[in-house]
Amino acid sequence: MTAQPTEPSPRPVPSAELRASHDDREAVVEQLRDAAAEGRIDFDELDSRLEQTWKAKTYAELAVVTADLPRLNFPESQAPLVLKGGMSGASRGPGRWEVPGHVIAHGGVGGVKVDFTRVACRLTEVAVEAYGETSGVTIVIPDGWAADTSGMDPGVGGLTDETTPDRLPGTPLVRLTGSGGMGGVVIRHANRRERRKLHSNPAQG
């Protein structure tokens with residue numbers, strides 16, 4: 001019996017060629033308005049770039065609009081943030097910090113905590129890879145953010161998802177992948193103690 005020729009695998013689509021969403025265009029619009037307010041572009045140029053933004057279909061076309069402006073907000077424009085628990089543990093937050101599109105957390109022996117509760121994030125998605133390893137990883141997201149944990153391997157330690165699906169417009173989706181390992185991975189909103197601390201020490205600016 002003659003073997004049938006195998007069809008070639010489809011070519012992976014480069015990230016720049018991926019289709020942009022309405023939220024992606026909104027983020028660029030906000031960046032352009034900020035640039036005009038700061039005097040980086042004049043108002044005639046703002047109008048022209050806004051028109052170009054709403055016509056853009058891919059990330060590459062959007063990137064052209066803001067190529068000469070600082071603070072690009074596309075996930076592929078920033079290096080991943082890598083946190084390693086090591087022996088003593090590691091954390092990021094709850095203060096203000098710049099959120100990249102990709103965060104990688106290795107619990108190690110000391111554990112890792114990633115706290116997004118005070119950040120200002122214009123990204124539509126944040127990819128978080130969490131590896132519980134020995135002591136686990138805890139991820140805290142603000143009310144109004146949502147999480148997709150369908151790509152997570154619970155491992156021996158398990159996955160605890162205490163987030164709500166009530167995502168507010170303009171907020172990121174945290175797409176969680178990785179493995180629970182021995183220590184497990186927890187993703188949740190702020191607990192009572194953390195809420196009291198947030199209310200007693202509100203963010204400045």
Side-chain angles (χ1 to χ4, degrees), residues 11-35 49 52-54 56-85 90-107 112-132 137-153 159 161 163 165-179 185-190 203:
R11 178 181 66 90
V13 178
S15 58
E17 295 179 14
L18 292 174
R19 290 279 176 157
S21 69
H22 183 71
D23 286 343
D24 294 325
R25 296 183 191 92
E26 286 280 8
V28 171
V29 167
E30 187 172 352
Q31 185 181 1
L32 290 173
R33 287 172 176 163
D34 288 345
R49 293 196 190 203
Q52 189 177 353
T53 298
W54 291 120
K57 295 181 179 180
T58 65
Y59 282 122
E61 291 173 355
L62 282 180
V64 170
V65 182
T66 57
D68 57 350
L69 299 176
R71 300 193 306 276
L72 288 179
N73 288 310
F74 296 122
E76 60 268 27
S77 70
Q78 296 173 290
L81 168 66
V82 181
L83 298 170
K84 296 183 178 181
S91 65
R92 178 57 59 96
R96 292 264 182 187
W97 53 283
E98 184 176 359
V99 180
H102 193 184
V103 178
I104 304 171
H106 293 273
V112 167
K113 183 177 182 180
V114 186
D115 191 334
F116 293 96
T117 52
R118 285 198 188 278
V119 302
C121 181
R122 296 182 185 178
L123 299 171
T124 57
E125 285 191 9
V126 178
V128 178
E129 288 183 54
Y131 301 95
V137 174
T138 298
I139 302 155
V140 185
I141 64 175
D143 294 337
W145 287 30
D148 177 2
T149 62
S150 60
M152 186 74 188
D153 174 9
L159 167 67
D161 182 358
T163 63
D166 304 323
R167 182 183 177 191
L168 295 177
T171 62
L173 173 70
V174 175
R175 201 171 293 281
L176 183 63
T177 59
S179 172
V185 172
V186 176
I187 184 165
R188 58 175 175 78
H189 300 291

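Sorted by first and then second residue, the salt bridge (charged side-chain N to carboxylate O under 4.0 Å, His left out) pairs with a member in residues 165-174 form an empty list; sequence neighbours excluded.
Take R25 and apply the salt bridge (charged side-chain N to carboxylate O under 4.0 Å, His left out) test, not counting sequence neighbours, and it matches no residue. Looking at residues two or more places apart in sequence or on another chain, you find a ring-ring contact (aromatic ring centres under 6.0 Å, His included) between H106 and Y131. With sequence neighbours excluded, the residues forming a side-chain contact (heavy atoms from CB on, under 4.5 Å) with V186 are T138, T160, R188, listed by chain and number. Checked against side-chain contact (heavy atoms from CB on, under 4.5 Å), R175 has the following partners two or more places apart in sequence or in another chain: E125, D148, L173. With sequence neighbours excluded, the residues forming a side-chain contact (heavy atoms from CB on, under 4.5 Å) with D153 are S179, listed by chain and number.
Under a 3.5 Å cut-off, the side chain of W97 and the backbone N or O of D115 do form a donor-acceptor pair. With hydrogens and angles disregarded, no donor-acceptor distance shorter than 3.5 Å links the side chain of T117 to the backbone of I141.
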Next item on the list: Just do the side-chain contact (heavy atoms from CB on, under 4.5 Å) check on T53 and T66 with the steps written out, would you?
Entry: CA-CA 9 Å; T53 298; T66 57; over 6 Å; no
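You'll find the side chain of H102 stays beyond 4.5 Å of the side chain of L81, heavy atoms only. At least one side-chain heavy atom of T149 sits less than 4.5 Å from a side-chain heavy atom of I187. For the pair C121 and V126, the minimum side-chain heavy-atom distance is below 4.5 Å.
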